[in-house]
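In what follows, every heavy atom counts, from backbone to side chain, and hydrogens, waters and symmetry copies are set aside.
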Amino acid sequence: AVIREGPYAGQLVAVKRLLPALARDPDYVALFEQEGEVTRRLRHPGIVEVLDTGVAGGTPFIVMDYVDGRNLRQVLAQCKARKILLPVDFGAYMAHVVSQALAHAHSGRDEQGRPLGIVHCDVSPSNVFISKHGGTKLGDFGVALTPGAARGLPGAFGKAHYLSPEQILERTPTPRTDIFALGAVLFEVLTNEHAFPGRDLKEVGQRILAGKIRAPSELRPDVPFALDEVVLRCLSPDVEDRYDSAAAVAADLATRYDRSIGTPLAIAAVIRGLFGVK
């Protein structure tokens with residue numbers, strides 16, 4: 001949609017609305033409103049920006065920055081269909097941008113300077129957006145944990161392949177929960193395979209809890225050991241063995257990719273090659 005008036009007049013935006021059936025459920029409405037409220041407080045080039053929120057015809061809506069491109073899940077599916085892998089430096093760069101976005105969210109504060117206590121809780125390929133210009137943005141804070149956040153709704157726990165052990169055990173998520181999910185996403189970007197495969201959700205959960213982790217280089221030999229180390233540290237089943245912050249992940253990843261390859265311009269070329277977008 002294109003906004004016709006106000007401070008964003010003429011800007012192309014994405015409008016997210018609740019399905020009519022969900023709009024009648026106060027719990028889902030609360031979760032939806034929470035997403036808008038949380039994301040409006042975050043201003044970072046690596047986070048999909050929320051421009052406005054409201055209700056029209058009894059249906060809540062969120063107006064967001066429009067990312068003209070694909071989400072990472074679509075990118076990986078296209079790669080799998082073509083039987084190719086993304087460049088290693090693409091994965092490292094993407095993870096670097098997402099880790100910076102998470103660091104910003106985790107350190108967010110309200111108008112009084114109090115910590116917002118945000119944990120995304122659903123870092124996954126479908127929530128990482130790649131624009132046709134090569135920009136990478138993290139979106140969908142719909143199940144983010146904040147003080148007083150709505151919890152316990154069906155599906156409000158993240159996606160199975162990216163759940164941390166503490167989420168499976170129904171313990172309180174922390175920023176290191178997002179770091180675990182980021183490790184699972186990076187593993188998948190590098191190999192186009194799940195970090196924790198399984199025939200069903202139960203088997204996936206058992207692998208996660210057992211800490212059955214493979215290094216990406218076991219599936220893709222050209223992945224450098226330095227990136228193996230980042231992934232394996234993120235995916236440690238013991239919370240205390242993971243990076244202590246997303247900022248620390250970002251600092252480590254900053255040295256793990258070729259900056260002449262891991263760039264928005266190079267990523268834009270990859271997206272154009274995969275989807276033929278102009």
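- The pair Arg233-Asp241 does not meet the salt-bridge criterion, since no charged nitrogen lies less than 4.0 angstrom from a carboxylate oxygen.
- Linking Ile, Leu, Val, Met, Phe, Trp and Tyr whenever their side-chain heavy atoms come within less than 4.5 Å leaves Ile213 and Val239 in two separate clusters.
- Closest heavy-atom contact between Ala101 and Gly46: CB-O, 3.4 Å.
- No single ILVMFWY cluster, assembled from side-chain heavy atoms under 4.5 Å apart, contains both Leu201 and Ile168.
- A donor-acceptor pair under 3.5 Å links the side-chain atoms of Arg259 to the main chain of Ala254, judged by distance alone.
- Atoms CZ and CD, on Arg214 and Glu193 in that order, are 7.0 Å from each other to the nearest 0.5 Å.
- Residue pairs meeting the ring-ring contact (aromatic ring centres under 6.0 Å, His included) criterion with at least one member in residues 220-241, sequence neighbours excluded, do not occur.
- Contact between Ala246 and Ala103 at its shortest, heavy atoms only, is CB-N, 3.6 Å.
- His106 is linked by a ring-ring contact (aromatic ring centres under 6.0 Å, His included) to nothing, counting only residues two or more places apart in sequence or in another chain.
- Between the Arg242 side chain and the Ser236 main chain, a donor and an acceptor come within less than 3.5 Å of each other.
- Residues that satisfy the side chain to side chain donor-acceptor pair (under 3.5 Å) test with Arg220, not counting sequence neighbours, are Asp222.
- A salt bridge links Arg199 with Glu203: at least one charged nitrogen is closer than 4.0 Å to a carboxylate oxygen.
- In this structure, Tyr162 and His194 have perpendicular ring planes: the angle between them is above 60°, well past the 30° mark.
- By the ring-ring contact (aromatic ring centres under 6.0 Å, His included) test, Phe196 pairs with Phe180, sequence neighbours left out.
- A continuous path of hydrophobic side-chain contacts links Phe187 to Leu72 [ILVMFWY only; heavy atoms under 4.5 Å].
- Across Ser99 and Leu182, no two heavy atoms sit closer than the pair CB-CD2, 3.7 Å.
- Side chain of Arg82 to backbone of Leu274: a donor-acceptor contact under 3.5 angstrom is found.
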- Query: Under the side chain to side chain donor-acceptor pair (under 3.5 Å) criterion, do Thr177 and Glu166 qualify, and how do the steps go?
  - Reply: CA-CA 8 Å; Thr177 299; Glu166 58 268 25; 2.8 Å; yes

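- Salt-bridge formation is detected for the pair Glu240/Arg176: a Lys NZ or Arg NE/NH1/NH2 atom is positioned less than 4.0 Å from an Asp or Glu carboxylate oxygen.
- Rounding to the nearest 0.5 Å places CG of Leu76 at 4.5 Å from CG of Asn192.
- Distance check: His120 NE2 to Asp140 CG gives 6.0 Å after rounding to the nearest 0.5 Å.
- To the nearest 0.5 Å, atom CG of residue Leu219 and atom CG of residue Leu190 are 10.5 Å apart.
- Residues that satisfy the side-chain contact (heavy atoms from CB on, under 4.5 Å) test with Asp89, not counting sequence neighbours, are Tyr257, Asp258, Ile261.
- Between Val223 and Asp228 the shortest side-chain heavy-atom distance falls below 4.5 Å.
- By the 6.0 Å contact criterion, CG on Leu265 is open, its count of non-hydrogen atoms from other residues, nucleotides or ligands being 12 or less.
- Remark: Lys202 pairs with Asp200, Gln206 by the side-chain contact (heavy atoms from CB on, under 4.5 Å) rule, at least two apart or across chains.
- Considering OG of Ser124 and CZ of Arg73, their distance stands at 6.5 Å, rounded to 0.5 Å.
- Counting only distance, with no hydrogens or angles, the side chain of Arg207 and the backbone of Pro197 share a donor-acceptor pair below 3.5 Å.
- The structure places SG of Cys121 at 5.5 Å from CD of Gln167, a figure rounded to the nearest 0.5 Å.
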